[in-house]
Amino acid sequence: MRLVLVLGDQLSPQLSALQKADMKSDVVVMAEVMDETSYVPHHPKKIAFILAAMRKFAAELRQMGWRVAYTTLDDPLNTGSITGELIRQADAFSAAGVVYTEPGEWRLIEALDALPLRTHCLADDRYIARHSEFSQWAKGRKALRMEYFYREMRRKTGLLMDDGKPVGGKWNYDHDNRKPAPGALYYGGPQRFEPDAVVSEVLTIVQERFGQNFGDLHPFWFATDRSQAEAHFQQWLSQGLCYFGDFQDAMLEDESFLYHAVIGLYINVGLLDPLAVCQQVEDAYRKGDAPLNAAEGFIRQIIGWREYMRGIYFYEGPKYTARNDLGHTRDLPSLYWGGATKMNCLQQSVAQTSQEAYAHHIQRLMVLGNFALLAGVAPTQIHEWFLAVYADAFEWVEAPNVIGMSQFADGGIIASKPYVSSGNYIHKMSNYCKSCEYRVQDKTGADACPFNLLYWDFLNRHSVRFAGNPRMGNIYRVWERFSADKQAMILSEAADFLARLDAGEPV
Ligand code: DLZ
Ligand code: SF4
């Protein structure tokens, strides 16, 4: 007999390791272990979500007829690591070896590679692109742009394709996804699930062990099994999708979800299937229930961005997460952990992250990531923060998004220019500035929006690298037209602001 490892983000009955194994003789190993619950200080909601979903999946497997050796966090025999548990169970069952599906993190891939047991690692085929497909696409290209990879995935899946051509004549309707914040919402947000007995037990354990981590455990309302996740998705599909396209990039005060599907966490642990959700979104469009910009925008996130991020993570290898091409060294400001700040956009984004373990892509990229980049925060610190605080964050998807896309620390593998903006972008896409103590219109002075100061400071600091970038030439010409006095004032106020930020003042 062999052991069949199932990790906390591999909760899919179609998992390659389960397909390959023999239900009659093999034993599934699942383990709640301290190594995984604490490699970063995960948000308590994230830990509770994963442990509860693992317990329910183990029950599902048993019902299907599998033997499951499940280690709970409080088991006195728990060795604290995935490899430790495999060695312990291999001994207990006199197993001939271990079958597993490749994990989504180099740290675990390397640990499993080094196991003193006979192992058989299988590809994770819950994704649309294989590693080899991505490598073939990437090899020999000067730039690895998501858009071209996305087109390959559209062709491969046939999603939103008519006779080999993109539906509507265009591949990408991103320009129709940028309406600013709406006045009112027509969708009540994600479906919330009352904790059942399994979830309640997990909540008690998580409160005891991880109650001090950043983030609110209660109220806990995530779906924790396949049927709940499916119900959640169906509600959004019928009520949220039709508005999703227009307002994908908008941000509203005290509104954490707007028209977002909030399914990243469910897809990433295996409770929802990426291709199946895309097919249902396409069906809604074909039936006339959703506009093309909504369906295409959604499908692009899943088969475009998501697959492309995974491709980059595996193509670039384990050293990618340590990259720091801009040489940034500032410690992550305490405001990211809930410290006081007068910047309303940041205060709102951090507060909802604390409450929900969720923020949408523009809050992550253009508020939280943008500020860290402008301020010159060490990429590994902001990377570990993102990995810790979002329920959907696993390294294969989080690291390329943060190290590459958001922080430009990979020197431009993912982004053709850094995602930086002044307060103007946030003002256009949200209503945060209305109730902020800073004034978004002010470029200098005591009330000037810090994003305005830091924006020019960043461009000035990195002018050698970016002034020649064809996509940034115009903005450098604006900077050069400022008088020397004005430039000096902006730089001195920015330095002052950063000094107060470093001193832990509530800026
Ligand atoms: C994220 C996570 C957490 C918090 N806890 C566990 C756990 O106790 N047991 C487990 O098998 N997996 C857990 N995970 C998910 C793993 O960290 C994840 O499989 C790897 O990071 C690879 O993506
Ligand atoms: Fe954020 Fe500046 Fe707007 Fe305040 S004024 S909310 S700091 S962008």
Side-chain angles (χ1 to χ4, degrees), residues 5-11 29-55 57-58 70-73 75 78 80-83 85-86 100-112 124 202 205-206 209-210 213 251 253 265 268-270 310 313 335 341-349 357 363 366-368 370-371 374 387-388 390-399 421-443 447-455 497 507:
L5 174 66
V6 174
L7 292 163
D9 55 354
Q10 298 183 333
L11 311 179
V29 172
M30 295 179 73
E32 302 172 0
V33 290
M34 278 307 276
D35 268 13
E36 299 309 311
T37 52
S38 58
Y39 58 80
V40 286
H42 298 287
H43 193 299
K45 269 197 170 83
K46 178 183 184 185
I47 303 177
F49 164 60
I50 291 167
L51 300 192
M54 283 175 68
R55 289 181 182 202
F57 188 66
Y70 191 100
T71 314
T72 55
L73 210 53
D75 186 328
N78 194 325
S81 71
I82 295 293
T83 47
E85 284 311 282
L86 286 170
Y100 63 94
T101 295
E102 182 185 67
E105 194 176 339
W106 288 111
R107 175 184 57 84
L108 262 184
I109 291 175
E110 286 165 0
L112 291 172
D124 194 341
V202 166
I205 296 169
V206 172
R209 296 194 178 221
F210 308 101
N213 287 12
M251 299 172 281
E253 192 156 15
L265 73 170
N268 290 353
V269 302
R310 181 175 155 84
Y313 182 75
L335 69 89
T341 173
K342 296 187 285 185
M343 290 176 277
N344 194 37
C345 53
L346 278 166
Q347 192 280 330
Q348 284 271 324
S349 302
Q363 293 169 306
M366 298 311 290
V367 178
L368 297 155
N370 185 15
F371 186 79
L374 292 177
L387 188 57
Y390 293 113
D392 49 66
F394 297 89
E395 198 176 271
W396 65 265
V397 61
E398 175 279 331
S421 80
S422 67
N424 199 29
Y425 175 85
I426 297 171
H427 182 47
K428 197 174 76 192
M429 297 311 296
S430 78
N431 62 358
Y432 292 149
C433 302
K434 260 197 222 153
S435 36
C436 184
E437 287 189 39
Y438 292 106
R439 287 166 50 87
V440 73
Q441 300 84 350
D442 290 5
K443 310 291 180 234
D447 296 333
C449 165
F451 280 86
N452 295 344
L453 298 170
L454 295 182
Y455 178 63
F497 173 86
V507 289

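Each ligand, and each atom within it, is numbered from 1 in the order the structure gives.
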Taking the cut-offs as 6.0 angstrom to the six-membered ring centre and 45 degrees off its axis, would you call Arg55 and Tyr70 a cation-pi pair?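 Output no; distance or angle outside limits.
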
Could you check whether Lys342 makes a cation-pi contact with Tyr432, meaning its NZ or CZ is under 6.0 Å from the centre of the six-membered ring and within 45° of the ring axis?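 Output no; distance or angle outside limits.
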
If we count only N and O atoms by modelled type, under 3.5 Å, do the side chains of Tyr100 and Gln10 hold a donor and an acceptor together?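 The criterion, which ignores hydrogens and geometry beyond distance, is not satisfied for Gln10 and Tyr100.
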
We want to know whether Asp124 and Thr101 form a side-chain donor-acceptor pair, criterion being a heavy-atom distance below 3.5 angstrom.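 No, because no side-chain N or O of Asp124 sits under 3.5 Å from a partner of the opposite role on Thr101.
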
To check you understand the geometry: which heavy-atom pair defines the closest contact between Phe451 and Ser421, and what is its length?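 It is CD2-O, 4.0 Å.
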
Using the test side chain to side chain donor-acceptor pair (under 3.5 Å), find all partners of Glu85 that sit at least two apart in sequence or belong to another chain.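 For Glu85 the side chain to side chain donor-acceptor pair (under 3.5 Å) partners, ignoring immediate neighbours, are Thr71, Thr79, Arg88.
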
Can we say Lys434 and Glu253 salt-bridge, meaning some charged N sits less than 4.0 Å from an Asp/Glu carboxylate O?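 Result for this pair is no, no salt bridge flagged.
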
Taking 4.0 angstrom as the limit, do Arg107 and Glu36 come out as a salt bridge?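 Judged by the 4.0 Å cut-off on N to carboxylate O distance, Arg107 and Glu36 do form a salt bridge.
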
Which protein N, O or S atoms lie under 2.8 Å from atom 2 (Fe) of ligand 2?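 The answer is Cys449 SG.
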
Quick check for students: name every N or O atom pair between ligand 1 and the protein closer than 3.5 Å, with distances.
{"from": "ligand 1", "atom 1": "8 (O)", "to": "Val33", "atom 2": "N", "distance (Å)": "3.1"}
{"from": "ligand 1", "atom 1": "9 (N)", "to": "Ala31", "atom 2": "O", "distance (Å)": "2.8"}
{"from": "ligand 1", "atom 1": "11 (O)", "to": "Gly8", "atom 2": "N", "distance (Å)": "3.1"}
{"from": "ligand 1", "atom 1": "12 (N)", "to": "Gly8", "atom 2": "N", "distance (Å)": "3.2"}
{"from": "ligand 1", "atom 1": "17 (O)", "to": "Glu36", "atom 2": "OE1", "distance (Å)": "2.6"}
{"from": "ligand 1", "atom 1": "17 (O)", "to": "Tyr39", "atom 2": "OH", "distance (Å)": "3.2"}
{"from": "ligand 1", "atom 1": "19 (O)", "to": "Asp9", "atom 2": "OD1", "distance (Å)": "2.7"}
{"from": "ligand 1", "atom 1": "19 (O)", "to": "Asp9", "atom 2": "OD2", "distance (Å)": "3.4"}
{"from": "ligand 1", "atom 1": "21 (O)", "to": "Tyr39", "atom 2": "OH", "distance (Å)": "3.3"}
{"from": "ligand 1", "atom 1": "21 (O)", "to": "Glu105", "atom 2": "OE1", "distance (Å)": "2.7"}
{"from": "ligand 1", "atom 1": "23 (O)", "to": "Asp9", "atom 2": "OD2", "distance (Å)": "2.6"}

I'd like to check the ring pair (Phe, Tyr, Trp, His ring centres under 6.0 Å) partners of Phe49; sequence neighbours left out, ordered by chain and number.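 Phe222, Tyr266.
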
